[in-house]
Amino acid sequence: MTDNLYDAVVVGGGPAGLNGALYLGRSLRRAIVIDSGEARNMAAGVMHNVVTNDGVEIADFRARARKEISAYGVEFLDDEVTSVAPDGDRIVVETRSGARLHGRTVLYTAGMRSILPELPGLAELWGKRAFECPYCHAYEVRNGAFGVYGGGEPSECLAATLTQWASSLTYLSDQRELPEEESKHLAASGIPTVTDRILGVSEHPDGVSVKFADGRTQEFTALFMHTKAEPRIAPLRPWLEADDLEAVQTDERGRTSLPRLYVAGDLGKNMHQAAMAAASGGLAAMAINADLVREDRPGSLYDL
Ligand SMILES: Cc1cc2nc3c(=O)[nH]c(=O)nc-3n(C[C@H](O)[C@H](O)[C@H](O)COP(=O)(O)OP(=O)(O)OC[C@H]3O[C@@H](n4cnc5c(N)ncnc54)[C@H](O)[C@@H]3O)c2cc1C
């Protein structure tokens, strides 16, 4: 049991888990990062808005981070966590390949999965010509003609924000009836709406071609849209009864109402951005270290 007892088992090796692991390693904590290698932003290939790492390939960022963090003795395991469950004053973490680890704490940073609207051809364009985040992607397609797909999730505020980057904007409602508020926002931004049914989207040399049900097509430099996102929390069932981890997060340092379980990154109460995810991972790691000091030396730190 002592061989696989960690101060912290980090589930997920994205920006949140990696930065948390860096703090844990530098705190001389025994930590392991378990990662299944499916980053939320992988479709984009590169990431932006992380200073000194702007435009860096995600695979390269992750590889360099691992090297840096390994130097502090943190271990890495390429595997999928299948179960995270309490066991007295430990948490037991099990993986698809049969590993069984014990953590005094778990930092859970498994992220979210984007659920794209059902639009034929969209998955192939996702991260290349179709995006959600203007701050991550609009600069690269600046001054272009943007389509904003509002046939899935309402995206009128995204469309208004994009006026900063676009030469023209068209809201594509794909037959969804727009509530008055949504139409009012679009009118206030001066963005026209095309309501026609869309059959699908495809790449063309300078962007995206949208095919309508009446046979006509319209070309855009890029498509933007809000998507749904699914929290990757299956391994926490049945311990976690709530729909997501935000519901059980009790402070800005990632503590939760589940004993010894901490959350960071997209799964916590954070903006869905790499730098914010990394920062929240660091905060959670500091909370873990402080809580373990508190446990090992009762009375040494103020109670929270
Ligand atoms: C297409 C796209 C492009 C984006 N571009 C940018 C950008 O340019 N700049 C920016 O700031 N933000 C960007 N974002 C947002 C950014 O990707 C997220 O905010 C950030 O990745 C969140 O980090 P995270 O560590 O919480 O989760 P993730 O980066 O998603 O990492 C979670 C990790 O946990 C692993 N995991 C999940 N389940 C398990 C399990 N059961 N066992 C083991 N491992 C598991 C996954 O494989 C993954 O590696 C983009 C998002 C998308 C969708």
Side-chain angles (χ1 to χ4, degrees), residues 9-22 32-59 61-63 65-66 76-84 93-97 99 101 106-116 122-141 222-237 240 244-246 249 254 262-285:
V9 177
V10 181
V11 180
L18 289 168
N19 208 41
L22 180 60
I32 185 167
V33 179
I34 309 175
D35 185 62
S36 59
E38 305 155 285
R40 185 165 182 200
N41 53 353
M42 205 55 104
V46 297
M47 67 178 187
H48 291 283
N49 293 326
V50 181
V51 73
T52 74
N53 278 302
D54 183 57
V56 157
E57 285 192 14
I58 293 152
F61 164 78
R62 286 183 166 221
R66 281 185 177 214
F76 285 87
L77 177 64
D78 292 319
D79 206 341
E80 183 191 344
V81 170
T82 48
S83 165
V84 177
V93 177
E94 292 177 334
T95 72
R96 173 103 25 225
S97 69
L101 310 172
V106 163
L107 174 53
Y108 198 89
T109 65
M112 316 267 285
R113 189 179 278 118
S114 302
I115 311 288
L116 303 185
L122 180 61
E124 288 75 26
L125 298 177
W126 188 242
K128 297 168 190 72
R129 285 285 174 177
F131 313 103
E132 177 153 24
C133 166
Y135 300 97
C136 308
H137 306 291
Y139 183 86
E140 278 62 41
V141 288
L223 273 186
F224 283 83
M225 69 203 68
H226 276 316
T227 66
K228 287 199 168 85
E230 182 181 75
R232 305 183 72 180
I233 51 176
L236 291 169
R237 303 292 189 206
L240 173 70
D244 56 43
L245 276 167
E246 277 192 54
Q249 185 175 342
Y262 300 73
V263 62
D266 284 359
L267 280 177
K269 292 178 183 169
N270 307 299
M271 292 289 289
H272 292 187
Q273 292 283 291
M276 278 57 153
S280 67
L283 279 172

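First listed ligand is number 1; within each ligand, the first listed atom is number 1.
Taking 4.0 Å as the cut-off between side-chain N and carboxylate O, E230 and R113 count as a salt-bridged pair. The residues D35 and R62 are annotated as salt-bridged, a charged nitrogen and a carboxylate oxygen being separated by less than 4.0 angstrom. Under a 4.0 Å N-O distance rule, the pair D266/R40 qualifies as a salt bridge.
The salt bridge (Lys or Arg N to Asp or Glu O under 4.0 Å) search around K228 returns E153, not counting sequence neighbours.
Protein residues with a heavy atom closer than 4.0 Å to ligand 1 are G12, G13, G14, P15, A16, I34, D35, S36, G37, E38, A39, R40, N41, A44, M47, H48, R62, D79, E80, V81, T109, A110, G111, S114, W126, C136, H137, R232, P235, G265, D266, H272, Q273, A274, A277, listed by chain and number.
Here the side chain of K128 pairs no donor or acceptor atom with the backbone of A44 at under 3.5 angstrom.
To the nearest 0.5 angstrom, S280 atom OG is 8.5 Å from N19 atom CG.
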